[in-house]
Structures are given as structure tokens and as C-alpha cells.
Amino acid sequence: MAGGRRAVADARRVVVKVGSSSLTSAAGGELDVARLTALVNALSVRRSAGTEIVLVSSGAIAAGIGPLGMETRPRDLARQQAAASVGQGVLLSAYDAAFGRHGHTIGQVLLTVDDVTRRTHYTNAKRTLDSLLDLGVIPIVNENDTVATDEIRFGDNDRLAALVAHLVRADALVLLTDVDALYTAAPGTAGAERVPVVGDAAELAEISIGGTGSAVGSGGMTTKVEAATIAGAAGIPTVLTSSDRVVDALAGADVGTWFVPQERSRGSRALWLAHATTPRGSVQIDAGAVTALRDRGRSLLPAGITGVSGSFVDGDPVDVIGPDGVVIARGLVNYTSGELPHLMGRSTKDLEQEIGPRYEREVIHRDHLALL
């Protein structure tokens with residue numbers, strides 16, 4: 001068994017992500033129960049051996065296509081949500097039957113971006129998943145497509161899977177797709193070779209990733225590499241391969257592409273702020289504030305702000321942009337976009353004396369700030 005791949009074979013807790021293309025028929029794009037059952041059989045063997053499994057599964061929208069008489073995956077958000085509403089029940093019913101034959105109980109967990117970025121929601125999501133695992137349940141996780149909007153979407157389950165792996169402190173992440181590995185060029189083209197190991201992000205510069213997803217899915221190879229990068233930043237090793245090689249992948253065999261994790265993992269709050277949030281606006285800061293944030297670990301104060309863009313409210317994520325136009329951080333802001341222009345460039349002490357004590361606070365506290 002090669003090097004670091006042993007981490008998957010020895011893992012006590014594994015997050016497995018499967019995409020829509022691995023669960024649907026090639027012809028009509030409807031849910032393929034035989035393919036789903038084959039995946040469940042493989043995961044059940046590992047679960048019966050004592051490994052805790054969290055399954056992040058796409059396929060709700062695809063599962064709703066057939067019952068609603070649609071020919072292809074809908075493009076508009078409203079129809080996607082309708083398909084997800086119908087398909088989620090179909091998908092969970094199929095999983096329940098397949099896992100039930102092995103004596104395993106499943107539990108559904110639907111998440112939105114807010115569930116993993118706002119502190120109280122984050123804590124609740126973590127508590128729920130931990131409780132399910134403690135009870136021996138296999139959580140089936142998906143984005144809550146029926147209520148998510150364009151502004152609060154993960155956009156793909158690859159990123160969600162990486163963040164869930166961090167949330168549950170998984171020992172490994174397995175990304176299953178319809179391609180058996182990452183290749184140096186498009187699979188099947190002349191000279192394309194499998195990339196067995198990715199040691200760091202710099203090695204990806206010479207690889208043509210591309211891809212925007214299948215006809216029934218929303219991800220592509222780019223999102224899977226991003227997911228592996230997020231997991232790696234949390235110290236979690238990742239293997240990317242096709243669903244028909246899941247048994248070998250879980251056994252630590254030399255299949256797919258192995259992404260080596262970073263030795264020093266990023267803190268949980270910083271990781272989620274950097275990768276799970278979508279900025280609602282931005283604040284521009286001066287050079288002094290950049291130094292305070294980067295080198296001194298300080299909070300962002302009104303005195304360092306030189307400009308405000310976008311429309312946001314207290315608690316929203318915003319990007320922090322240096323004088324050179326480069327985004328240096330992302331954080332949860334304590335003021336609205338309407339308030340900040342009247343406060344920027346002024347000290348908190350002056351603001352407190354002139355306006356009131358509630359203005360003697362940071363624009364972004366360092367505990368809610370992630371350097372990028």
C-alpha cells in the first residue's frame with residue numbers, strides 16, 4: 001500500500017462525496033438505482049468493519065427530473081428547487097432501502113451556506129452530525145436546494161464535502177465522479193496521463209483541469225480540485241476517483257489521484273470564512289491597516305477604512321481590499337454598508353464620544369477575520 005494512501009485504509013471516519021453523474025443513467029439522466037446500490041454496498045462493507053461514514057450526495061435535482069417529466073436538468077433556480085423538492089424524497093428512499101438491507105440506518109442533513117458560516121448555525125450543524133455518528137447513523141448530506149438562493153449557495157457539493165469533512169474532523173475525504181483520476185490533459189486525448197499524486201497547489205499549474213460539469217451535475221474537475229485544496233488546508237488527505245473504484249480507493253490502493261494534505265492545518269473559523277462564504281460587499285483599507293491585520297493579528301477598525309462597496313448588513317461576509325486592489329482577507333462585518341461611510345477614517349474613541357458607546361467597536365473582529 002503506497003505511502004500516504006494508507007490514511008484512507010486506516011481512517012476511522014471518512015467523508016465520501018458522490019456526484020449526480022455517478023448516480024444517474026447515461027440515457028435520460030434519471031436516478032439509476034443499480035448504480036446507487038453498488039455504491040451503498042461498498043460503503044456498507046466499510047461501515048460494518050467499524051469505520052464511520054458520512055455520505056455527501058448530489059442527485060436530488062437529477063432524481064426529480066423523471067417524476068416531473070423534464071427532459072434535462074432545469075437551468076433556472078425556481079425549477080431546480082422544485083426538482084430538488086421532489087427528487088430529495090426519491091433519493092433518500094433509495095438510500096434508505098439500500099443501506100437498510102445491510103442493517104444500517106441513515107439520517108438526512110440538508111445544509112445551506114448560512115448553516116456553516118454563522119456561529120450558532122455552525123454549532124448546531126456540528127452537534128447534529130456528531131450526534132448522528134455517535135448513534136451509529138450514516139448521515140446523508142446535501143445542500144438544501146429547495147430553499148437556497150443564488151446569494152447563499154455552495155454551488156456544488158464538492159466544496160460542501162470538503163467543509164463537512166473539516167466539520168466532523170474526518171480522517172480522509174473521498175471524491176467520487178465519472179472520471180477515474182485527474183489527468184495532465186483531457187482524458188482520452190493524446191499524451192494525457194494520470195496524475196497519481198498532487199503534493200501541493202503549485203503542481204497544478206501545469207495541469208489542464210477545465211470542465212464545467214455533466215448534464216445532470218453542477219460541478220466539474222475544477223471544483224473537485226478546489227475541494228481537495230480546502231480539505232488539504234484542514235490537514236485532511238483526499239483521493240479523487242470514479243465511483244466504480246470506490247472499493248479500491250477505500251482500501252488505499254493506487255487508484256485515482258491522491259492529494260497530500262498540509263502539515264499545518266488552518267483553524268476552523270478561518271477555513272470556513274475563506275471557503276464557505278460569498279462576500280456581499282467589500283471595504284478598502286490603507287497600508288497601515290494591512291500591516292495591522294497581516295503582521296499584528298489585529299481587528300479591523302474604522303480608522304483604517306478608505307472606501308466601502310456593495311450592500312450588506314451587520315453579520316454579512318465582506319472582502320477586505322488593500323490599497324493595491326488585492327483582496328487580503330474576508331470577515332464578518334459589524335456595521336451596515338450605509339453606516340460605514342460615515343465612520344471610516346475615524347478612531348473608535350472619537351466615535352464613541354460623538355455618537356455613542358455602540359460605535360466603540362471593531363468593523364471586523366479578528367476572531368471573525370480570515371487572511372487569504
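If you're wondering where the values come from, they're calculated on a predicted model, not measured in any experiment.
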If you measure from CG on L23 to CG on D32, what distance do you get to the nearest 0.5 Å?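 Answer rounded to 0.5 Å: 8.5 Å.
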Whether the side chain of [X] engages the backbone of [Y] through a donor-acceptor N/O pair (distance < 3.5 Å, no angle test) should be reported.
{"X": "N334", "Y": "E362", "value": "yes"}
{"X": "Q80", "Y": "R75", "value": "yes"}
{"X": "R13", "Y": "V168", "value": "yes"}
{"X": "T257", "Y": "P196", "value": "no"}
{"X": "D286", "Y": "A289", "value": "yes"}
{"X": "D171", "Y": "R12", "value": "yes"}
{"X": "E143", "Y": "L110", "value": "no"}
{"X": "R245", "Y": "L176", "value": "no"}
{"X": "S282", "Y": "D319", "value": "no"}
{"X": "S22", "Y": "T177", "value": "yes"}

Test item: Q284 and P323 side chains (from C-beta on) under 4.5 Å apart, heavy atoms: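 No, their side chains stay 4.5 Å or more apart.
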Find out whether R169 and D130 are in side-chain contact, i.e. whether some heavy atom of one side chain is under 4.5 Å from a heavy atom of the other.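 Side-chain contact under 4.5 Å: yes.
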With [X], the side-chain contact (heavy atoms from CB on, under 4.5 Å) member among [options]:
{"X": "V283", "options": "V333, L300, T306, I321", "result": "L300"}
{"X": "I106", "options": "L92, I53, L132", "result": "L92"}
{"X": "W258", "options": "T241, L182, V197", "result": "V197"}

Between M344 and L340, does the side chain to side chain contact (heavy atoms under 4.5 Å, CB included) criterion hold? Intermediate values first, please. CA-CA 6 Å; M344 61 187 192; L340 274 179; 5.9 Å; no
Is the CZ atom of R366 crowded by more than 12 outside heavy atoms at less than 6.0 Å?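 No.
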Should V109 and V164 be marked as a side chain to side chain contact (heavy atoms under 4.5 Å, CB included) after you check the CA-CA gap, both sets of side-chain angles, and the distance that decides it? CA-CA 11 Å; V109 179; V164 166; over 6 Å; no
Ionic contact status for D254 with R194, cut-off 4.0 Å: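 Yes, charged N to carboxylate O under 4.0 Å.
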Under a 4.0 Å threshold between the charged nitrogen and the carboxylate oxygen, would R79 count as salt-bridged to D76?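 Yes, charged N to carboxylate O under 4.0 Å.
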What do the steps show when you test K224 against D158 for salt bridge (charged side-chain N to carboxylate O under 4.0 Å, His left out), and what is the final call? CA-CA 6 Å; K224 290 162 183 59; D158 298 310; 3.2 Å; yes
Assess whether side chain to side chain contact (heavy atoms under 4.5 Å, CB included) is satisfied between I364 and L293, documenting all intermediate values. CA-CA 10 Å; I364 301 176; L293 298 182; over 6 Å; no
Compute whether any side-chain donor of one residue and acceptor of the other, for S299 and H368, lie under 3.5 angstrom apart.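 Note: S299 and H368 side chains miss the donor-acceptor criterion.
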Could you tell me which non-hydrogen atom of Y335 sits nearest to which non-hydrogen atom of R358, and how far apart they are?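 Shortest heavy-atom separation between Y335 and R358 comes out as OH-O, 4.0 Å.
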Please evaluate residues Q353 and D350 with respect to the criterion side chain to side chain contact (heavy atoms under 4.5 Å, CB included), reporting the C-alpha separation (whole Å), side-chain torsions for both, the decisive distance (0.1 Å), and the verdict. CA-CA 5 Å; Q353 292 177 345; D350 289 344; 4.3 Å; yes
